[in-house]
Each structure stands twice: as C-alpha cells, then as structure tokens.
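FYI, side chains are in, hydrogens and waters are out, and symmetry mates aren't considered; it's all heavy atoms of this structure.
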Amino acid sequence: MKKNWIVLTALMLVLSAFLAACSGDGEKTTTNEGTASGEPQDGGTLVYSLDSSPEGLFSWSFYGNATDAEVISFFDESLIDYDENLKPQPNIASWKTEDNKVYTFTFKEGVKWHNGEELTVNDWVFALETLADKDYDGPRYTNVQTIEGAPAYHDGSADSISGIKVIDDYNIEITFDKARVNNLENVWTYAMPAKEFEGIAVKDMASSEQVRTKPVGLGPFKIKNIVPGESVEFERFDDYFNGKPHLDGIVLKVIDPSLTIGELQNNTLDMTAFHPSIKADIEALENVKIEQYPGLSYYYIGFRLGTWDGSKNVMNEPKYQDLKLRQAMYYAMNRDEWNEAFFYGVGKTVNTPVPSNHWISADNSELEQYKYDPEKAKSLLDEAGYKDVDGDGFREDPNGDPFTVKFSHYATNNPTFETRAQAIVQYWEEVGLKTELSMTDVNLYYDQIEKADKSIEVFFGGWSTGTDPDPSGLWRSDALWNYSRWVSEKSDKLLDDALDVSIVGTDQDKRKELYVEWQKQFMEELPALPVAELDEVMALNKRVQGVTFDVSGTNRPNEWWIQQ
C-alpha cells in the first residue's frame, strides 16, 4: 500500500526539503531487498529525519505543512489509496457508483484505531461534519462542500448533511450535488476517531491534546512520545489492518541539514529526504543508497493580487495588476541557470502550474516559454511606464513614485534557501526593479500569505498537486489556497467543464484538452510564475530494506525492515 502524501486534493506542502516533480515512467525502484533467504526480519528501530520542526497539528483535518504531514503519514491512514498510475484503489473502503453522483462505500470490518476502538462509517461522518462545521477554520471545507447538503450544514440552516446516508456500521451512501469526474478523488477520505473527540467543540479541536500531543490513528505505528519541536517516537501497532509491521518502532528527529551527512555516515540516521546541494556528498558514503523518483510538485513565485473575503477571492490589490510588470519579472529570471545552480541537475524549468508527471500537463510547445530575455524585460517595463526617473539605477512606478518589490521566501535550517532567494532578487534588480528580500520562518510563512499580510507582496511557494490533477483547489476563484487571489471567470469555467460529466463524460482526452486550454490561459494571465519541478530524492542506510518508491510516494512503513 502507498504512503499517501495528498494535500489537496488537498494538501498544501510547505517546502523545506520538499521537492517536486520531473518526468519519469512511474516504475518502482527498490532498495536492497531481502536477506540470504529473502525473508524480511522483524525488530529494530528506524531513525527518520525532519529538516524543520513540526508545527504540531497532527491530524489530517487540521495540519498545514509538509513536516506535520510526514509525521501523520506514519500513524494514520486514508480510506482509499492510489497506485503508481495515480488511480484510486480500495484501502479501508471500497466503492461503487453508476453515475458519478451517488457512491456507496463499504468499509473493511475489524479495522482498529490505536485506542482499541473499531473504525466504523460513523467516524468518517464525524470527520465530514467537522470539516463542514461553521466553526471549522481550516482549508479543507472544499473537500466536503460538493456533498449534497453540505453548504446548508455549513451555514447552519441544516443540522445534518443530507447527502450522507449511513446504511450500517460498514456501509454508507454519499450523494454529491452533481455528477463530476473527480468526486471520488476530491472528497475527504480521512476518518477521525469520534470517541477521542467527544465533548470537544470544533473550534477547540486544533488546540486539543487529541491533535497536538496524543493523536490516535489507524496506521502501522502509534505515537509513543512527542517532544515538541524536536522528535516524535512511534511504536509498532500490532493490530494494523494491513499486517503487523516488521519494525519495533520509528523515531522522527529534527536534524539540522548541515548535520545530515555526518549522521548518515555514523549510522545514526537511517532515512531522510535531502536537498540536492548535498547529493554528491551523500553519493560518496559507502553505507548509504540514494533513491531518486518522480514527484508531483512544483515551485512558483506568486503575487498578492487581492484578498480573501471569507468565501471567495477579490482582486483588490493594485500594485502587481499590470500584466507587463509580471511578464517582465518572468523574462528577467534565468530559470535554467537558477535551477542548475541550486538543484544540481535534479530540477528542471517548468512553464505550467501542472507537474509534467500528470497526464493533463501541457507540452512546452503549446505554451509561452518566457525564456530568459532581460532586454525584453526592460522593454516591457518601459512600455508599462516603469522608468528610472531619478537616475539611481532603479525604476519608479508609472506615477514617478519609488517602486520596490517586496519579495518573501520561507526560512528553515537549510542555508541554500536565502542564497537562491537572493539570486532571484539579483535578476530583478538587473532590469532595474529594486527588490527587498524577507526570509520568514516556515511555520509562520503560509499563515501570513493566507491572511494577505501586507508585508508579503511577492512570495516563493511550492505545491504538491495530489493524485487528482484538477487544479481547482489551488487556482479557482473561490479557492482558499489560491494565494495570489486570482479571479477569472474563464479559468473557473474551464476548470468546471473539465469535471462536468455532461461535457467530458469519461473521455480522458477531452478532459485533457480543457486542462491544456486552462494552462494556456494561466500562462497568458500569469497570476504566478512557475519556476521549477524536481525529482524527489531520499537517502537510505543500506541496512533499511523493503522500501519502494514511485510517483505516488513510498509503500507503507509496515513493509519496511532492518537487516540485523
């Protein structure tokens, strides 16, 4: 079974060593498998590193960054899974539908929470109602709002969600407001242990011990101890429904990236993602193997074009509304040089907000390339009225007033982040745009962007697109995670049509045509500047066995084992 890294559908991933997608064939690669007899061995504790401190929201329903997602993935489980072709597969739940509107789900019997309680469909109903509650302030309402009756429950005009019909403890019927191609992929498929949250108001859940220090899940390992900001210790969950894990436990430690090579060399670290800047040093270690595999993520530079009014985006910030300004900033960037300098051959330039491993990704030949052209950038700025009026080498705005690009980048312990951000500053200043750089702690960064903090105007970001390629959750006009606050009726219509069964039916090629048109429109309007996509890279001590990788992530850690 796969380790499901979905964000949005919906997971937004804050990047520390979070790396994005590059083309690949989806083939699995596997670490050294087996003993002399070919049988996995039981026992041992695996040490896995995090390069930044978790925020501490250890629940799929409430988390907000990649580090917390890594922690959660070891102890909790999705109801459905995805294969190496990113197609949904049964995990805890299987399903049937005849019309892509009404789905019947059947749960496996005997699946246990870590507290010993049996999972039932009521735990899923509890999660769906939590996300639809008026007091839920997280970003995942989008994953329940298409269920029939969810909006009425959300606004308080109904005391239940009419589209949810519990048949018995193991069977449930979900009716959506309309037939869509991706209703299954978009709906929230993470249950919550209802018994654990008894008596806790939705508004208090995110700060509760059930989320912060004593979370309960369905996964192969259960939490034994949490040292906030430092480590999470797991122990084997013998009753895991997919089979008793081989490892006795796993320890997740926050390790400064500058210490990664030494920890790997000394056999005090078994498994870690890492920044490509140290790839050559890790390759030189005799006791370590590097796995490189395709991902589903990309980096971009966004503009704060507006604000979030509580239900939709409003483009009411004027500073970066001029398309020629945004185009000039794109042409000014030598993205090929930048990728080579900071990703050491692991990354490549991307010209669309859809990773190339997704089947909807447009070919470069269909898109404006925005290749490095500083003279064109200067010409566009001149045309838009951004000229150096006072002769100081930097351009004023069209009114003759001082103009400064305020550029923000997240900060972790990784020292390369500020250097790569400074390189972007230099590109813009070379065409006359004075730029101020602000490095912001990663655990505060996206919260500031989400709240349209005035200090953040232009920002560096990264997204994992999830297994369903539909970009609606990131770029539709009513999407909370549309951090540029881009509003476009044409964009919304293309995205909606691509999901409408009455328009595309089950014709994948027709759906792709609409997504390609959407990507063309995105690159014409440039609400953000796609910058790079990368392969994922992971270092493993050679004693670690049974770990497999493909575009959907890793297999579940109950299959991992340590050669004694």
State whether the side chain of Asp68 and the backbone N or O of Asn65 hold a donor-acceptor pair below 3.5 Å, judged by distance alone. no
What pair of heavy atoms forms the shortest contact from Pro355 to Ser297, and how long is it? CG-N, 3.7 Å
Could you tell me if the side chain of Pro557 sits less than 4.5 Å from the side chain of Phe234, heavy atoms only? no
I'd like to check the side-chain hydrogen bond (donor to acceptor under 3.5 Å, both in side chains) partners of Lys108; sequence neighbours left out, ordered by chain and number. none
Carboxylate-amine/guanidinium proximity below 4.0 Å for Asp447 and Lys451: yes
Do the side chain of Gln519 and the main chain of Tyr515 share a donor and acceptor less than 3.5 angstrom apart? yes
Looking only at the side chains, is there a donor atom on one of Tyr82 and Glu185 sitting less than 3.5 Å from an acceptor on the other? no
Can you spot which of Tyr446, Tyr299, Tyr298, Tyr483 makes a ring-ring contact (aromatic ring centres under 6.0 Å, His included) with Phe460? Tyr299
Phe522 and Trp486 aromatic ring geometry - parallel, tilted or perpendicular at 30°/60° bounds: perpendicular
Using a 3.5 Å distance criterion without hydrogens, assess whether the side chain of Thr104 forms a donor-acceptor pair with backbone atoms of Glu173. no
Classify the side-chain pair Asp177/Thr146 by whether it contains a donor and acceptor separated by less than 3.5 Å. no
In residues 244-256, what donor-acceptor pairs under 3.5 Å come from side-chain atoms, sequence neighbours left out?
residue, atom, partner, partner atom, Å
His246, ND1, Asp42, OD1, 2.7
Asp248, OD1, Arg236, NH1, 3.0
Asp248, OD2, Gly44, N, 3.1
Asp256, OD1, Ser258, N, 2.8
Asp256, OD1, Ser258, OG, 2.8

Option passing ring-ring contact (aromatic ring centres under 6.0 Å, His included) with Phe74 (candidates Phe221, Phe237, Tyr48, Phe58): Tyr48
Pairwise side-chain contact, Pro193 with Phe126, heavy-atom cut-off 4.5 Å (strictly under): no
Parallel, tilted or perpendicular: which describes the rings of Phe75 and His114, with under 30° parallel and over 60° perpendicular? tilted
Checking Ser361 against Ser356: is there a side-chain donor and acceptor pair closer than 3.5 Å? no
Just by distance, do the side chain of Asp83 and the backbone of Lys87 share a donor-acceptor pair under 3.5 Å? yes
Mind telling me whether Tyr300 and Trp475 have parallel, tilted or perpendicular rings, with 30° and 60° as the class edges? perpendicular
Are Asn555 and Trp560 close enough that a side-chain donor and a side-chain acceptor fall under 3.5 Å? yes
side-chain hydrogen bond (donor to acceptor under 3.5 Å, both in side chains) between Ser94 and Thr106, worked out: CA-CA 5 Å; Ser94 57; Thr106 299; 4.7 Å; no
When you measure from the side chain of Asp270 to the backbone of Val47, do you find a donor-acceptor pair of N or O atoms at a distance under 3.5 Å? yes
Could you walk me through whether Val111 and Glu77 pass the side-chain contact (heavy atoms from CB on, under 4.5 Å) check? CA-CA 11 Å; Val111 176; Glu77 201 86 12; over 6 Å; no
Give the minimum heavy-atom separation between Pro215 and Ile226, together with the two atoms involved. CD-CD1, 4.1 Å
Without swapping roles, check the side chain of Thr97 against the backbone of Asn100 for a donor-acceptor pair under 3.5 Å. yes
I want to check a possible cation-pi pair here: Arg140 against Tyr63, using under 6.0 Å from ring centre and within 45° of the ring axis as the test. yes
Taking the six-membered ring for Trp, are His409 and Phe417 parallel (under 30°), tilted (30 to 60°) or perpendicular (over 60°)? tilted
Any side-chain donor paired with an acceptor under 3.5 Å for Thr67 and Ser52? yes
Between Thr412 and Asp51, do the side chains contain an N or O donor and an N or O acceptor separated by less than 3.5 Å? no
Asp496 side chain reached by Arg476 side chain, heavy atoms, under 4.5 Å: yes
Residues Tyr141, Asp133; criterion side-chain hydrogen bond (donor to acceptor under 3.5 Å, both in side chains); working and verdict: CA-CA 9 Å; Tyr141 172 58; Asp133 192 279; over 6 Å; no
Taking ring-ring contact (aromatic ring centres under 6.0 Å, His included) as the test, write out the residues that go with Tyr320, two or more places apart. Phe303
If you take the centroid of each ring, where Trp contributes its six-membered ring, are Phe176 and Tyr103 closer together than 6.0 Å? yes
Between Lys214 and Glu196, does any NZ, NE, NH1 or NH2 come within less than 4.0 Å of an OD or OE carboxylate oxygen? no
